[in-house]
Amino acid sequence: MQPNNQIIVRFALVAEQPSLRDGERLAEVDSDNSIAGIKRYTGFVRGRDLMPLFDGGSLDANPRSAKTGLVVHAIMETLDRTPELFPFKSKGVLLGTSDYEALQRNRFALRFLDPASEGVLDGGHNMLAIGLHMLGRVMDSRSLSRLSRWEEMKEAWEEYRTELEAQKDEFSFLVPVELIVPADTDDEQVVAQFEMSLLDICAARNNNAQLTQETKANKRGFYDDIREHLPTSISEKVEWKSNEWESDDSRPIKVRDLLALAWIPLNRANEAGLLPIDASVTPQNIYRNKGECSKQFDRLMEHPEVSEPRDGPRHELLNDAVASAFKILADLPALYDKIYADFPDAYNSNNYRFGSNPIVKIYDPPRREAAKDKSGFVVTQPLTPFTGKPVEYRYPDGLIMPLVYGLKGLMEIKEGRVVWGADPYEFLDRYLPEIAGAYRLVLDMARFDPQKLSKNQASHEFAVGEFEKSLIRARAKVAL
């Protein structure tokens, strides 16, 4: 690693685009002799000359986390069997930085001052495959096979760095490398334009890999405040960008599930006229169309009165109402799970039998063992979706999604912010049974069909009304 986070990459062969001569030709159509303020260097770098990039680089700027699979194994097979064909079979690696220096002998000093948006923009799987290929020279095959993700490869890289250095002359294969930089690093406006363009370039290059909308929004910093407000126990489970999740024993929380819940307080803010644009989603789309929730979220966050770019493509939240909605959102995953866990008993407290419906399954090993008909039981204990709390009933979350949306009835507006009108946890402990009793009307009308319930706007508005009425009754008792 060089001083000041500097990485030196040496090309075996490199071409500059546009060059000075190219600039003269472009002058006829582009007065600043550049293309969108961007300069590109393309060529081939030998594997050994990429080693500094493995030492000091990261894949933070790449929208997708790299992990092994068919693509990585195919790349490694090419490097093992026909390395001479690799530069023609692979797209290689795309690098981008706003701070660089062209040195002698085709060398470039690169400084990735903002790793979240600069560095390896595309080619993460190539980088992983190349790193694993090199490590294959110094590690036994069994240990190597345990490395499946970039982070794991990097740990092994650091552990075996001395051995790799001794083998570096063996890494003479060529890798296609493209480096994009500002056309004029002395012009602040050109550099700022370049930094804003990096994200769009990165997204476009990853289109063939099905880059998700949420991954791009994450890179723009749209989720930073959500992540900051969420409890660590929740945020560390969220798959903020594709392929990021590393745990083998549980499923990640999809970021679009959080964005869907965010629209409960955001809808409340919009109804109060606190948002700079008329942005909302229908209650049923929070359950059935989370992609639309994500698109509307980006539309809101892109508004200049909501956020603005401060550090390259990363945006900083400006709007107090939106910030307050994110603070409310921090409670919603746990409240969602509380409703899921508590609703069966709340329903039964009204002399109803929640478990009698065929769509509901019960976890009760002794009863299952004694029962002749075991269809109403589950073998594995169910868990709530966000916090993983063990529960006794398993049922489609569509049955209680209107009740989750009903929490909007507890949200109020104070001084331009969305706030809780009562402690939501204590409120559910006290009033969920009576709300569940009234909610039976909705369940009966839908015949316990979760799709009909959650795709019907009226069922959501009914739940909001029940929460509002219970809140009024609670305040009336306090006033007496």
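From a predicted model like this one, the values you see are computed outputs, not experimental measurements.
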List in chain and number order the residues that pass side chain to side chain contact (heavy atoms under 4.5 Å, CB included) with Lys168, two or more places apart in sequence or in another chain; answer none if no residue qualifies. Arg48, Met51, Glu165, Phe171
Are Asp99 and Arg111 close enough for a salt bridge, meaning some N to O gap below 4.0 Å? yes
Of Asp331, Asp397, Thr387, the one forming a side chain to side chain donor-acceptor pair (under 3.5 Å) with Tyr336 is Asp397
Are the side chain of Ser294 and the backbone N or O of Lys290 linked by a donor-acceptor pair below 3.5 Å? no
State, yes or no, whether a side-chain contact exists between Tyr393 and Tyr363 at a heavy-atom distance under 4.5 Å. no
Listing request: all salt bridge (Lys or Arg N to Asp or Glu O under 4.0 Å) pairs with a residue in residues 175-189, at least two apart in sequence or in separate chains. Arg40-Glu178, Glu178-Arg205
Taking the six-membered ring for Trp and the full ring for Phe, Tyr or His, determine whether the centres of Tyr340 and Tyr395 are under 6.0 Å apart. yes
Which heavy atom in Leu329 sits nearest to a heavy atom in Leu230, and how many Å separate them? O-CD2, 4.3 Å
Residue pair Met301 / Val322, side-chain heavy-atom distance below 4.5 Å: yes
Carefully, step by step, assess Asn285 and Trp263 under the rule side-chain hydrogen bond (donor to acceptor under 3.5 Å, both in side chains). CA-CA 10 Å; Asn285 275 349; Trp263 279 106; over 6 Å; no
State whether the number of non-hydrogen atoms from other residues, nucleotides or ligands found under 6.0 Å of Arg227 atom CZ is greater than 12. yes
Is there a side-chain contact between Pro176 and Lys91 in this structure, where contact means two heavy atoms from C-beta onward sitting under 4.5 Å apart? no
